[in-house]
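Sharing a structure, written as structure tokens. Questions coming.
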Amino acid sequence: ADPIEVVSINGALRLERLELPITMVNSVSIAGFQCDIMFPNGIAPINNEGQYEVALSSRVNDDYKVEVRKLSNGALRLLVYTFTASSIVGNDGVILTMGVMPNENYKQGEQIVIRNIVMTSTDFVEYSGMQTTIDCYIKESLLGDTNRDKKVNVTDVVHMGKYLVGDYEGAFDTDA
């Protein structure tokens with residue numbers, strides 16, 4: 001998965017909902033998989049009335065189900081399956097997204113760990129995946145510093161105008 005980026009504006013973390021996309025690259029037809037996700041202190045999956053926010057991608061058809069349970073060690077066990085043994089579409093791309101929320105304990109350099117990855121092919125062969133990590137970091141922004149030169153001045157106003165009319169090339173900090 002891509003790194004998790006929490007924005008800090010003028011030193012204050014923006015504590016808002018983020019999407020955690022989970023991608024799978026597979027060389028055989030996969031019918032289902034499970035994994036355990038460990039979240040660091042400072043970031044947590046969103047849980048609404050006992051239901052975790054998980055959305056399956058278009059790589060899976062309507063036959064697929066997703067189950068998420070919290071384990072005694074604090075990890076989330078994620079299970080994606082179908083009773084029809086149909087194949088997940090394609091061999092590369094996002095399988096699902098999970099809503100996560102940073103909190104005031106969020107720290108630069110933390111990692112989300114995905115382990116105990118087990119995949120089952122459409123012909124019922126079991127595969128184990130390697131543990132993987134997702135980096136978590138803080139993107140520092142200065143309110144108004146759209147060109148990220150650590151100054152807020154008329155240059156930022158000019159860059160913003162050019163960006164809005166589609167005539168800007170280079171780095172542009174939309175969070176600023």
Check: Ser86 main-chain N/O paired with Tyr64 side-chain donor or acceptor under 3.5 Å: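 Yes, the answer is positive, given that a donor and an acceptor are paired below the 3.5 Å cut-off.
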Would you say the side chain of Met24 lies within less than 4.5 Å of the side chain of Arg59, judging by non-hydrogen atoms?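 Of all side-chain heavy-atom pairs linking Met24 with Arg59, at least one is under 4.5 Å.
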With side chains defined as the heavy atoms from C-beta onward, is the minimum distance between Ile4 and Asp135 less than 4.5 Å?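 No; the side chains remain at least 4.5 Å from each other.
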Considering only heavy atoms from C-beta outward, does the side chain of Asn61 approach that of Val89 to under 4.5 Å?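 Contact flag for Asn61/Val89 side chains = no.
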Can you find a pair of side-chain heavy atoms, one from Val28 and one from Tyr127, that are under 4.5 Å apart?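 They are in side-chain contact.
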Verify same cluster id: Leu15, Ile112 (apolar side-chain graph, 4.5 Å):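 Yes: a chain of side-chain contacts under 4.5 Å links Leu15 to Ile112.
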Indicate the atoms forming the closest heavy-atom contact of Pro45 with Leu76, along with that distance.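 Closest pair (atom of Pro45, atom of Leu76, distance): CG-CD1, 3.4 Å.
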Could you tell me whether a side-chain N or O of Gln108 sits under 3.5 Å from a main-chain N or O of Ile138, the two making a donor and an acceptor?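 Checked: pair present.
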Sort out for me which residue in Ile88, Val94, Asp62, Val80 forms a side-chain contact (heavy atoms from CB on, under 4.5 Å) with Leu56.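 When Ile88, Val94, Asp62, Val80 are each tested with Leu56, the side-chain contact (heavy atoms from CB on, under 4.5 Å) holds only for Val80.
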Sub-4.5 Å side-chain heavy-atom contact between Ile117 and Phe33: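 Side chain of Ile117 against side chain of Phe33, heavy atoms only: no contact under 4.5 Å found.
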Would you compute the distance between atom OG1 of Thr120 and atom CG of Asp123 and round it to the nearest 0.5 angstrom?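 So the gap between those two atoms works out to 10.0 Å.
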From CA spacing to verdict: side chain to side chain contact (heavy atoms under 4.5 Å, CB included), Ile43, Glu110: CA-CA 9 Å; Ile43 192 162; Glu110 296 284 353; over 6 Å; no
Verdict with supporting geometry, Leu78 and Val66, side chain to side chain contact (heavy atoms under 4.5 Å, CB included): CA-CA 7 Å; Leu78 184 74; Val66 61; 3.9 Å; yes
Quick check: closest heavy atoms across Val6 and Tyr106, and the distance to 0.1 Å?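 For Val6 versus Tyr106, the nearest heavy atoms are CG2-CZ, 3.3 Å.
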Could I get the full list of ring-ring contact (aromatic ring centres under 6.0 Å, His included) partners for Tyr81, not counting sequence neighbours?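 Tyr81 satisfies ring-ring contact (aromatic ring centres under 6.0 Å, His included) with Phe83 only.
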Do any side-chain atoms of residues 95-105 form donor-acceptor pairs under 3.5 angstrom with protein atoms, and if so which ones, sequence neighbours left out?
residue, atom, partner, partner atom, Å
Thr97, OG1, Glu19, OE1, 3.2
Asn103, OD1, Asn105, N, 2.8

Does some side-chain heavy atom of Ile134 sit less than 4.5 Å from a side-chain heavy atom of Ile114?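 When only atoms from C-beta onward are counted, Ile134 and Ile114 do touch, with a gap below 4.5 Å.
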Tell me yes or no: between the side chains of Asp92 and Thr23, is some donor less than 3.5 Å from an acceptor?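 Not at all, the side chains of Asp92 and Thr23 share no donor-acceptor pair under 3.5 Å.
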With a 3.5 Å distance limit and no angle check, can you tell me whether Ser121 reaches the backbone of Val125 through a side-chain donor-acceptor pair?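 Checked: pair present.
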Are the side chain of Asn48 and the backbone N or O of Gln51 linked by a donor-acceptor pair below 3.5 Å?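 No, the answer is negative, given that no donor and acceptor are paired below the 3.5 Å cut-off.
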Side-chain donor/acceptor pairs under 3.5 Å, residues 35-42, sequence neighbours excluded:
residue, atom, partner, partner atom, Å
Asp36, OD1, Arg77, NE, 2.3
Asp36, OD1, Arg77, NH2, 3.3
Asp36, OD2, Arg77, NH2, 3.0
Asp36, OD2, Asn116, ND2, 2.7

Taking Lys65 first and then Glu67, would you say they form a salt bridge - that is, a charged N and a carboxylate O separated by under 4.0 Å?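 Salt bridge absent between Lys65 and Glu67.
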One pair to check against side chain to side chain contact (heavy atoms under 4.5 Å, CB included): Tyr52 and Ile46. What are the steps and the verdict? CA-CA 6 Å; Tyr52 291 95; Ile46 297 174; over 6 Å; no
